Amino acid sequence: MGPTQLSAAPNPGAVVAVVPVADSGFALAWQGGSVTVPALTAFAELEPRWLWWSARTTAPAVLDAGVRPSRCWDLGTVGRLLHGLRRDDAAAVWAAEHGLPEPPHPSGPLDLLDLHGESGDAVRPDGQLSREWLRGRCDADLRHAEHWARLAVDLQVEQEARARALPDPRRTPTSVPMTVLTSYAESAASLLAVELERDGLPVDVEVAAGLLHDVIGPRPADVAEEHALRARRDDLVLQHFAGEQVDLRSPGQVRALLARIGVDVPDTRSWRLEPYAKTSPAVAALLTWRKAERTATTYGWRWLDDNVADGRLRGAWGSADAAAGRMTAQAGLHNLPVEMRPAVRAEPGHLLVRADLGQIEPRVLATVSGDAGLAAAAREPDMYTPVAAALRCDRPTAKVSVLAAMYGQTSGTAGAALRDMDRAYPAAMAYLRSAEDAGLNRRDIRTYGGRLLRLTTLPAGEPVGEHVAVSGGFGRFARNAMVQGAAAELFKAWAGTVRAGLTDLGGEIVLCLHDELLVHVPADRAPQAAVLLSDALARTAAWWACGSGVRFVAEVTTGESWADTH
DNA sequence: TCGGTCACGTA
DNA sequence: CGTACGTGACCGAG
C-alpha cells in the first residue's frame, strides 16, 4: 500500500461528498482526496454516489448546477433510519453515530465548547459538532466547506459500516447488505422529495375552477360575497330546522340541534349520522353540506390561489414520517378528494402514467415474516383467493381475517378467524405477535429494511401516532408499524428505480401516494414508462424479497388526467 | 394568540 | 379494520 495521493481523482461510482458555497462553487471530498471546484460537470460524468449532509439543504444547489444525480447518500436520512432519530440535522446525526447524547438544536446559544480552539474546530472537545460551525462556518467559504465535506466522508463510512453489520433478514441475501440497500433507497427518496417540491404536480387551473364552481359555487369577488355565499349554503340545511340560528360549524350546536328532531348521538361524525340520512331529509342535507364545506374550506378558492402556480400544485414533501417512515406531503397533495382528481392533468403533449401496488401490505407481511404458506398465496395475482381456500371461507371473510390479524382488531368477532389464521399461517402470526410484544414491553425494534423504531425512549403521549397512548397503547402501533414501515421501504426503493429510469424518457415522478406512483411523460414515451413502472417493481422485488418467493404486482394505467387512470 | 378537540380527506 | 398524516374550524384558557 502506497501513500494516499491527496490529489487522486475519485473512481467512477465512488462516494463523493458535495458542499455548495453560495456564488463560489462547490467543495468536494472522497476517500483519498478533496478539491474545490467552480462547477460540478466534470465530476458528474463520473456518476458518483453524491454524498450530502441532507438533500433538503444541498440538492437544490446541485440541481441548479445542471446535475441530475442518479445515486446519493443522505447522512440525515440514513441517520434517522439507523438510529430512529426524529431529527436529521448534522448535530443530531453525528452525535447518534458516535454514541453521544442528543445535542440541543443548532439554533441554541453558543457555549465555550462551541468556540474551542485557536481557529474554532468543527468538532468540540466533547466530541459533538460545534454549533458555530453548524450555523454557517461549514459553508462560509470553500476552505471550510472542504473540511465539512471531509467530515461527511468520514461519517458516511461509519454509517455504512453500521448498516453493513446489521443482520440481513432475507432468506437469500444479495452481495450488498439489506440495510445498505435501504440506505440507498431512503436517500434517493429524500432527493425525490426535493424534486417533487420544486417541480410540483401538474394541475389544470381551469378544470379545477370548474370543479370548485360545481361544488361550492362561483368564486366570490370580495369578502361580503364570500359571506353571502356561505350563508346561502348554510340556509339549505337550516330551512329543515324552522329557521333556527345555529352555527353548523360548531359540533356542539349541531348535536343539540339534532337532539331537537329526535336524533340523539354522542358525536356528529358523518359515519354516525349516515344511518339517519335515509329517513331524515334534514340529516341528509347536513351531510351534503358537510361535504361541500370540506371542499370550500380545505380545497377551495383559497387553496387553489395559495398552492397552485404555473399550472403546478406545490407543497412541502417529507421522505419519512416519524412513525413508520412513510412519505408525507403538505398542501393537500396526499388527501386530495377523489372529486378533484380530474384537475390533475398532463401538460400538452404529455400523459400521466399511474401505477399502484396491489395488496401491498399482506404481500409485505409474507415477505418479512418468511411465512411459507402466505408466500405461496402471495405468488397469485389475488392473494385472498388461496387464503380463502386455506381458511375454508369466502373471499371477503379471508380479506377481513388477514387485515384483522395485521392491524390487531379489537372489535367485532375476530376470534374464530384469528384461530384459523394461526393454523394456516403460523410464522406470519408469530411475527405480528412478536412486534406487538415489543410494543407492549417498550422494546426498540427494527423493520425488515433496518429502520429503528424507538419505543424505549419515547415519552408516553409523544406524538408518534398522536392517539397511540390513549387508544390502545404501543402494541397495535408496533404491529402496524412493522408492516406499514416495510411497505414504505419497498415503495421508496421502487420509486427510486423508477426515477432513475425516467431520465432517459424525459419524464418525472409527480406524485407519491404510499402505494401509488404518478409519472408525467412526453406522450410518445408513455408506453415505455408503463413498462418501466412494472419492470422497476420486478427488479426491486428481486433483491428486496430475495428468496421469499413473494410476487409483487402493480396495476398500470395511462391517461390525460389522474381520474382517467382509474 | 395558543393548544386541544372535532371532523374529514387520503393511503 | 387498524394505523398514519395534513388541514381547518371552533372553543376555552391565557
Side-chain angles (χ1 to χ4, degrees), chain A residues 215 230 246-255 265-274 286-287 289-300 302-303 306-307 315-341 344 356-362 365 396-414 417-418 421 432 435-436 439 453 461 463-488 491 511-518 562:
Chain A
V215 180
R230 201 163 96 143
V246 167
D247 184 353
L248 294 172
R249 292 158 192 83
S250 166
Q253 291 186 40
V254 169
R255 183 164 172 254
V265 282
D267 60 64
T268 71
R269 287 182 166 86
S270 56
W271 62 267
R272 209 185 279 286
L273 295 178
E274 204 67 56
L286 176 65
L287 291 176
W289 174 88
R290 277 262 179 85
K291 187 84 181 159
E293 191 64 12
R294 166 67 44 183
T295 304
T297 54
T298 309
Y299 309 100
R302 169 95 49 82
W303 168 79
D306 288 350
N307 300 295
W317 281 83
S319 67
D321 67 31
R326 300 214 298 188
M327 295 182 78
T328 61
Q330 295 177 355
L333 281 156
H334 269 179
N335 23 8
L336 207 63
V338 174
E339 299 78 47
M340 291 298 295
R341 294 186 180 186
V344 176
D356 75 287
L357 303 178
Q359 304 170 341
I360 176 67
E361 291 190 343
L365 175 60
T397 308
K399 181 173 178 176
V400 167
S401 301
V402 171
L403 295 176
M406 266 194 307
Y407 300 144
Q409 184 188 27
T410 55
S411 61
T413 53
L418 289 181
M421 285 288 294
L432 292 167
E436 177 163 40
L453 305 178
V464 50
E466 189 73 42
H467 308 290
V468 151
V470 282
S471 70
F474 290 85
R476 274 214 308 279
F477 164 73
R479 177 191 281 254
N480 187 269
M482 288 293 275
V483 178
Q484 196 181 86
F491 175 82
L511 189 70
C512 296
L513 200 46
H514 307 315
D515 65 351
E516 180 175 344
L517 278 173
L518 198 62
W562 191 11

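Numbered from 1 within each chain, the chains take letters A, B, ... in sequence-line order. Predicted model, so just to flag it, every value in this text is computed and none were measured.
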Quiz item: Of the nucleotides dG9(B), dA11(B), dA4(C), which one has an atom closest to the side chain of Asp515(A)?
Solution: dA11(B)

Exercise. Give a yes/no on whether any side-chain N or O of Arg294(A) is located under 4.0 angstrom from OP1 or OP2 of dC8(B).
Key: no

Practice problem: Tell me which nucleotide among dC5(C), dC8(B), dG9(B) gets nearest to the side chain of Arg269(A). | Solution: dC8(B)

Quiz item: Under 4.0 Å between a side-chain N or O of Lys399(A) and OP1 or OP2 of dC1(C)?
Solution: no

Practice problem: For Asp306(A) and dT7(C), give me the distance from atom CG to atom C1', rounded to whole Å. | Solution: 12 Å

Self-check item: Whole-Å distance separating the CG atom of Leu333(A) from the P atom of dG9(B)
Solution: 18 Å

Quiz item: Nearest-Å distance, CD (Glu436(A)) to C1' (dT3(C))?
Solution: 13 Å

Practice problem: Calculate, to the nearest 0.5 Å, the distance between atoms CG and CH2 belonging to Leu248(A) and Trp289(A) respectively. | Solution: 4.5 Å

Self-check item: Evaluation steps, side chain to side chain donor-acceptor pair (under 3.5 Å), between Arg290(A) and Thr268(A)
Solution: CA-CA 11 Å; Arg290(A) 277 262 179 85; Thr268(A) 71; 2.9 Å; yes

Self-check item: Nucleotide of dC1(C), dA7(B), dA4(C) approaching Asp321(A) most closely (side-chain heavy atoms)
Solution: dA4(C)

Quiz item: Reckon Thr298(A) has a side-chain N or O less than 4.0 Å from the OP1 or OP2 of dG8(C)?
Solution: no

Quiz item: Within this structure, what is the CZ-to-C1' distance between Arg272(A) and dC6(B), rounded to whole angstrom?
Solution: 12 Å

Quiz item: Picking from dA9(C), dT7(C), dG9(B), which would you name as closest to the side chain of Thr297(A)?
Solution: dA9(C)

Quiz item: For dA4(C), does OP1 or OP2 lie under 4.0 Å from any side-chain N or O of Thr328(A)?
Solution: no

Practice problem: Give a yes or no answer on whether the side chain of Arg255(A) reaches the backbone of Val265(A) with a donor-acceptor pair at less than 3.5 Å. | Solution: yes

Quiz item: In terms of side-chain heavy atoms of Arg249(A), which of dA7(B), dC5(C), dA9(C) is nearest?
Solution: dA9(C)

Quiz item: Heavy atoms under 4.0 Å, any strand shown: does Leu403(A) hit a base, just sugar-phosphate, or nothing?
Solution: base

Exercise. Would you mind telling me which residue lines up with the more 5' stretch of DNA chain C, Gln330(A) or Arg326(A), judged by nearest nucleotide?
Key: Arg326(A)

Quiz item: Taking the side chain of Asn335(A) as heavy atoms from C-beta outward, which of dC5(C), dG9(B), dG2(C) is closest to it?
Solution: dG9(B)

Exercise. Could you check how far NE2 of His334(A) sits from C1' of dG8(C), rounded to whole Å?
Key: 19 Å

Exercise. Would you classify Ala481(A) as touching base, sugar-phosphate or nothing, given that sugar-phosphate means primed atoms plus P, OP1 and OP2, and contacts are heavy atoms under 4.0 Å?
Key: nothing

Quiz item: With no hydrogens and no angle check, is any side-chain donor or acceptor of Asn480(A) less than 3.5 Å from a backbone partner on Arg476(A)?
Solution: no

Practice problem: Under 4.0 Å between any heavy atoms, over every strand shown, what does Val338(A) touch: base, sugar-phosphate, or nothing? Just pick one. | Solution: sugar-phosphate

Exercise. Just compare dA11(B), dG9(B), dC8(B) and give me whichever is closest to any side-chain atom of Arg341(A).
Key: dA11(B)

Practice problem: Could you tell me the separation between the CD1 atom of Ile360(A) and the C1' atom of dG2(C), rounded to a whole number of Å? | Solution: 17 Å

Self-check item: For atom CZ of Arg302(A) and atom P of dG8(C), their distance in whole Å
Solution: 8 Å

Quiz item: Base, sugar-phosphate, or nothing: which does Arg479(A) touch, judged by heavy atoms less than 4.0 Å apart?
Solution: nothing

Quiz prompt | Spacing between Trp271(A) atom CH2 and dG9(B) atom C1', to the nearest angstrom | solution = 17 Å

Quiz prompt | Nearest-nucleotide comparison on DNA chain C, the residue closer to the 5′ end among His514(A) and Ser250(A) | solution = His514(A)

Quiz item: Between Arg479(A) and Phe474(A), is there a donor-acceptor pair closer than 3.5 Å when you use the side chain of the first and the backbone of the second?
Solution: no

Exercise. State, with a plain yes or no, whether a side-chain heavy atom of Trp303(A) is found less than 4.5 Å away from one of Leu336(A).
Key: yes

Quiz item: In terms of side-chain heavy atoms of Gln484(A), which of dA4(C), dT10(B), dT7(C) is nearest?
Solution: dA4(C)

